[in-house]
Structure formats: C-alpha cells, structure tokens
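Reading through the structure tokens given below for one structure.
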There are 2 protein chains.
Amino acid sequence: MSVTIKDVAKAAGVAASTVSRVIADNPRISQKTKEKVLQVMKEMDFYPNAIARSLANRSTKTIGVIMPHSSEQVFVNPFFTEVMRGIGMSAMKRGYNVLFSTGSDIEEEYRSTSKLVNEQRVDGLILLTSRIKDKTIDELIKKKFPFVVVGKHPKLENINWVDNNNQEAGYTATEHLIKQGHKSIGFIGGEFTYVFMGERFKGYKKALDSFSIEFSKEFLALEEFLEEGGYRAMKKLLSNKKRPTAVVVADDLMAFGVMRAIKEEGLRIPQDISVVGFNDTPLASYVDPPLTSVEIFVFDLGYNASEVLINQLEQEDDQKKHIIVPTRLKIRKSSITVRRQKKL
Amino acid sequence: MSVTIKDVAKAAGVAASTVSRVIADNPRISQKTKEKVLQVMKEMDFYPNAIARSLANRSTKTIGVIMPHSSEQVFVNPFFTEVMRGIGMSAMKRGYNVLFSTGSDIEEEYRSTSKLVNEQRVDGLILLTSRIKDKTIDELIKKKFPFVVVGKHPKLENINWVDNNNQEAGYTATEHLIKQGHKSIGFIGGEFTYVFMGERFKGYKKALDSFSIEFSKEFLALEEFLEEGGYRAMKKLLSNKKRPTAVVVADDLMAFGVMRAIKEEGLRIPQDISVVGFNDTPLASYVDPPLTSVEIFVFDLGYNASEVLINQLEQEDDQKKHIIVPTRLKIRKSSITVRRQKKL
DNA sequence: TTGAAAGCGGTACCAT
DNA sequence: ATGGTACCGCTTTCAA
C-alpha cells in the first residue's frame, strides 16, 4: 500500500539496511548517502511503519493508562482531564504514545489491563487509582512489568508512585482553621478505602493534636463522594447538639454540598461556619463565598507519573521511585474570620 | 523473552500455522488438535503478540483520539472525561484500543496527528473539536484516512460526524423562556469559531423570530469561554439602558459567572432575570438557584463517534455517516417564573 | 561505509 | 485437517 523502506532503498540505489541506518540516525554512514536517502524519503513521502519498528525493536513506545471504572472518584472532578494532559505532555515530549483503557467494573478493568500486558501492546502502565486493587498490582509485580501508581498504595516501598502528601495537606488545612480561632472543627469525607481519604483525615487529627484540641467522633461524617454526600454529611453535623464552627471537607465537590446545607440552615459562611475544601476545582473560586481549598496540581501528578515510568523504561534502573507533588492552600473567603478581609 | 507461537507449536507437536488457526478460531481444524493446542497454550501461559499480529494483518485494532490543546473549551467541563468514557466503552466492546494524542498548540496538534497517521499507528481517528481546523481535516481527507469528528463541521457532507442539534437546542432553550413570558432575552456565549456556538445562537434567533420578537444587538454579548467571561458578559448586558429579563447562556460555566454578576447587582434569579445554560454540568443542579440547562449527553457523543468509526473500518462501506444525539432541556428553578414552582 | 540475510511473532496461501 | 513457507516492514549482526 504505502511506501516502505525497500521502495526507498531501490529508488535511492542502496540497501534497505542503509535506509534503516538513516532513520536511526546511525553515525556509521557517509554524509553523502545520508543526504541522498533523506532526499528520496522526502520525495516519496516515506514514513517508517511504527508497528514494524515495534516488532523489530521489541518496544512499542507506548504507555498504557488505566482509568478506573466510572463509579470511581476520578470521574467526578476535572481530575481525569488534568492528569491525562500531564501524562500526554510528558509522553509526547519523550516520544511515547498513550494508550488508554477502562473497564465498566473492577473485574473488566483487571482483564483489560492483563490483556495490554500479556499481548505486549504497551511498554509500561500508569494506574490512576489509589484504591486498593491488589489483584492487578500483584500481577504486575509478579510479572515484573513496569508501572507507576498515581496515588499512594499500601505496598508503597516496592512500587513506583506519585502522590501528594495528603496527610500534610490535611494538616495544613486544619491548622489554618485553628489559627483562625476555631476549636470545634468537623471533618467531612468519603470512604477510607481511598488511601488519600484516610491520609487527609490523619493530617486533620494530627493538627488537632498539635494544638491540644480533642478529637470528637461527633465531628466526623463520611458520606458518598459527591455534592449530595457533602450535603448529607453537613446536615448530620448540624443536627448535633454541639455544632462545629468550621469543617474540613476532603473534596471540593462535597464542600459545595456542605455549603448548600449550611446556607439552607440560615447560617453564614464563614462567620457562623468556616469551610475548607480539597482539590481546588476550577469552580472553587467562583462559588459564594469563594471556597478555600488545597490545590493538588493534578497536571503535575500525571506529568511526573509519566516521567517516572519512562525513565524506568529507558534506563535499566530498577529502583522504585516515589515522588511527592507539593500542595498549596489557597485561602479564600470561606475560611477567613480574622482581619485582612479587605484584601480579598 | 516470552512464549511465542513457535514454542507452543513445538510443545504441542504441531506446526505454527496450526496454532495460528486455533488463535483465529479457524473452522478448518479438528476439534481434537484444537483442544490440545488450547491446553498447551494455557499451560505455557501463551498470549499472541499484538504487535506481530498487527504487522501481519495490517491493522492495529487501535483508534486514535485527538484531544484539542488545553486552551480549547473541551478542557473546562467534564466534557473530555465523559467523551472518553463513551469512546472507551464502544472501543472495548468492539475489541479496539484507544490511543490518545494532544499537542500544546494547534501546530503540534497537527503534527502529532499526522504522525499517528503516517506511521500507521492507528486504523482511524476521532477528532474532538468542532473548531475549524482545516489543515488536519484536509490532510485526512486527501489521504482518505478514516475519521470522525465530534461536533459539526462546515464540510459536513463529506465527513463523518456526531453532534447534537445545537440549533434546535438553542431554539428549545429560548422558546422555554419565551413561554415563561419573557420578551427581552439576551444571548451570552463565546466566539463563533466554535461551530456549536453559532448554531446555538441561530436557534436562539429563530425562536425569537417564531414568536415575532425582534432581535436586538444590545442583548448579545460574547466573551471568553469561562466563568469569568460569563461574568463580564452579564455585566455588560446589565449596563445597558434596557436590561433583558432573561438570558440564554451557551455554556454552564459561563452561566455560573452570569449568575454571579446578577446576584452582585442585587437582582434575583429567576424573578428579576431568568437564566438558562447549556451542557448540564454536574454542578448545574446544585448552584443556587439550580440552573436550567440543556443536557447534551456527552457520553453518547463519544460512544457514537467510536461506533461510526469502527463500522467504517470494518465494512467497506464508504458512505459518510452523520449522527445527531438528541438533547434535553432540564428545567430547574433558574428559569421558572410561572406557576408550579412548588414542584421543584 | 555498505550490503546480505536472519530475525521480530504472527498470518495466510499453497500443497498434501 | 495440517504442514511448509513466504511474507508484513523494519532492525541488526556479520562480512566484505
């Protein structure tokens, strides 16, 4: 069908291997032949067939991204979009392609991942989940297949991962509220099967500890990972005899629900109840009042994951890398009760 | 490295071609040999190498998705996530892989697309943009490379596309406001280089026409495709001597900005100014008041795009397909000024 | 520096 | 029904 290396060879009056050397920019070739071959390639509109190269090189120059099934948190926020942008940028820069794969449930997810690996369609994998999915990960470890997880994982030492320091982030968010004078601080989040969830909670508790504030179970509410869940969780906290004066909400979307519940109760934010969210969703700065949130730099998570993986693929460096992407608390009106309000 | 077809052939005491037939589930083979070979395959943990198959078959079983560079609208909403889910589901069902590719600007986008095509890494392409990017599309047409566009395109008849009927959607949204008694209806949107933008506007005008309402340029404001743009656009409309009593906003994110501007002016939604948005972003139902919006079923756009493309790849049916995914107006408080308010 | 030839891991046609 | 073999398009070793 299309022009092959042989066609070019014939037209240029050289052997196929010579053309191949030109493609690979092999130094053991005369400048003259090189130019002639390049010339012919241009004329004939030749491009090397990626599949054939992959077969000969035993390398696909492709990394796979496993996107969790839709019930996962990843789908709600712009997380997926951003992480893909990050992965895409790194991969493109390094000359890699990105193959993406899903499954409608955890079993299908496992099967499609195995397929990519077994059929050798990709050189390495990025797993977009901090959820405990032992089956897939165990299998990859067993097969010594290169991969990196976005999010931390219990087996952390033996695998590559890229993550925020969620515990620190939880600490910072809580500390901020404490410094605003709060002593009754609630925590609202989703299930702890998400590793980052538990981490954020740990940071919250640690901050309370540091300032000698006692943690009360009444101030904890875990619900579904959506606006609605945040709404329900806050309703629950508001029904307590003792209400918190501030809440740390482990996700912006939930925080929006939290704010709705607070307003519905006729309370003001931040005067009656202050709110801090996580992830710094684009909308966080536009809700009323603008929501203080921990920015997690999702693009960087993706970018770094891809870099770690590709480095691993290209060097025979077998050491597992762990990268922590720093977070930043973006302070907005929803949590400011002391001075300096004018500045915002 | 890993087990090949020859290893299996040897172990099973048959020829490689026989093993190949078993893989392809070729009928011209005895049940007995088939079973034995399958048995050996299991034992040896054999999986056919996808790259080798691709080379021999001249088919990658992979479709490429070209994601526009980040400045595009697609990145803002959960659009990208949803469309990828749709594409992924269809592709998986049909046994195809999805390769995704970007570029940080239009030129890089063009180059990376050409690369996928020229190096024959994919069998077909899905373009996620209704923007007028003639260079890429012209090239694909010239090369007769199979592709489908999500979103409509000026050259509509000669290419495959999947889209909503944005004109109809614009009509419906506007008609709804007219039926609520409005006569002064504004239109807020982004640049008309987005085809869907112009279409929504056309629908808006058509609805005004149908009800003999004159269109006034004063009621039109085009701004950047973000919350901030919506805010600015609404501020502009509010500064008119004659203010609209309702606005059609061509995107939810912009609509959020519009709502902010209205509230800031001390006006009420929907009593003073009603608002209708587009895309039905997850957050639309949670803002205050809940935003009426046109649901566009992004998952279906992606799913159908993939189906159209794969159908085209598998049959030699060269006829161009155009699929219209229906929209639905989700009426919420932001636009209801007559009766039945209690129901919401 | 260049060419010939043997792979890479399958597929498919031609025999038998 | 099965085996032998010539590709698919490129890479790489070995010789010259």
Side-chain angles (χ1 to χ4, degrees), chain A residues 1-38 40-41 44-62 95 115-123, chain B residues 1-41 44-62 95 97 115-123:
Chain A
M1 210 67 224
S2 48
V3 185
T4 75
I5 207 174
K6 282 183 192 163
D7 302 327
V8 175
K10 194 175 296 174
V14 298
S17 45
T18 301
V19 179
S20 176
R21 290 192 184 93
V22 173
I23 294 171
D25 206 26
N26 189 315
R28 297 150 53 89
I29 201 165
S30 78
Q31 191 58 29
K32 206 169 142 194
T33 0
K34 186 169 170 179
E35 273 162 18
K36 187 172 62 189
V37 171
L38 283 172
V40 174
M41 276 155 109
M44 304 184 74
D45 200 31
F46 165 82
Y47 296 89
N49 180 306
I51 300 299
R53 299 191 78 185
S54 290
L55 184 60
N57 289 325
R58 274 184 215 65
S59 149
T60 60
K61 283 279 183 184
T62 303
K115 203 159 175 256
L116 289 186
V117 173
N118 290 326
E119 297 183 347
Q120 300 171 72
R121 216 175 251 287
V122 297
D123 295 343
Chain B
M1 212 64 228
S2 47
V3 185
T4 76
I5 206 174
K6 284 181 191 163
D7 302 326
V8 174
K10 194 175 296 175
V14 299
S17 45
T18 302
V19 179
S20 177
R21 288 192 186 94
V22 173
I23 294 172
D25 205 26
N26 189 316
R28 299 150 52 89
I29 200 165
S30 77
Q31 192 58 28
K32 206 169 140 193
T33 357
K34 187 170 171 181
E35 273 162 19
K36 187 171 65 188
V37 171
L38 282 172
Q39 169 68 13
V40 174
M41 277 156 112
M44 302 184 75
D45 200 31
F46 165 82
Y47 295 90
N49 180 309
I51 301 299
R53 299 190 78 186
S54 291
L55 184 59
N57 289 326
R58 272 182 213 69
S59 149
T60 60
K61 284 278 182 184
T62 303
N97 292 96
K115 205 162 176 253
L116 288 186
V117 173
N118 290 328
E119 298 184 349
Q120 299 171 73
R121 217 176 250 286
V122 296
D123 295 344

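Protein chains get the first letters and strands the later ones, always in sequence-line order, with residue 1 at the start of each. Small disclaimer: the values here were computed from a predicted structure and weren't measured.
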Candidate pair B:Arg121 and A:Lys61, rule side chain to side chain contact (heavy atoms under 4.5 Å, CB included), full reasoning: CA-CA 11 Å; B:Arg121 217 176 250 286; A:Lys61 283 279 183 184; 4.1 Å; yes

Roughly how many Å is it from [atom1] in [X] to [atom2] in [N], rounded to a whole number?
X       : N      : atom1 : atom2 : answer
B:Arg21 : C:dG9  : CZ    : C1'   : 16 Å
A:Ile5  : C:dC8  : CD1   : P     : 18 Å
B:Lys6  : C:dG10 : NZ    : P     : 9 Å

Under 3.5 Å donor-acceptor pair, A:Arg58 side-chain atoms to C:dG9 base atoms: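 No, no donor-acceptor pair under 3.5 Å.
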
A:Glu35 and A:Gln31: side chain donor to acceptor below 3.5 Å: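 Distance-only check passes for A:Glu35 and A:Gln31.
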
Sugar-phosphate only, base, or nothing, as touched by A:Val19 at under 4.0 Å among non-hydrogen atoms: nothing

Minimum-distance pair of heavy atoms, taken over all atoms of A:Thr60 and A:Gln120: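 A:Thr60 and A:Gln120 have their closest heavy atoms at CG2-O, 3.5 Å.
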
Sequence-distant partners of B:Glu119, side chain to side chain donor-acceptor pair (under 3.5 Å), two or more places apart: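 Scan of B:Glu119 (side chain to side chain donor-acceptor pair (under 3.5 Å), adjacent residues dropped) gives none.
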
Contacts of B:Ser54 that satisfy side chain to side chain donor-acceptor pair (under 3.5 Å) - sequence neighbours left out: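 Partners of B:Ser54 by the side chain to side chain donor-acceptor pair (under 3.5 Å) criterion come out as none, since no residue qualifies.
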
Candidates C:dA4, D:dT11, D:dT2 - which lies nearest the side chain of A:Ser20: D:dT11

Estimated bend of the helix from C:dT1-D:dA16 to C:dT16-D:dA1 (axis per five terminal pairs, rounded to 10 degrees):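 The two end axes of the helix from C:dT1-D:dA16 to C:dT16-D:dA1 meet at 40°.
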
For residues 7-27 of chain B, please give each side-chain donor-acceptor pair under 3.5 Å, one per line with the distance, not counting sequence neighbours.
| residue | atom | partner | partner atom | Å |
| --- | --- | --- | --- | --- |
| B:Asp7 | OD2 | B:Thr4 | N | 2.9 |
| B:Asp7 | OD2 | B:Thr4 | OG1 | 3.4 |
| B:Asp25 | OD1 | B:Lys34 | NZ | 2.8 |
| B:Asn26 | OD1 | B:Arg28 | N | 2.8 |

Close approaches to DNA chain C from residues 24-41 of chain B, in residue order (heavy atom, under 4.0 Å):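 DNA chain C contact set from residues 24-41 of chain B: none.
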
Close approaches to DNA chain C from residues 49-57 of chain A, in residue order (heavy atom, under 4.0 Å): A:Leu55, A:Ala56

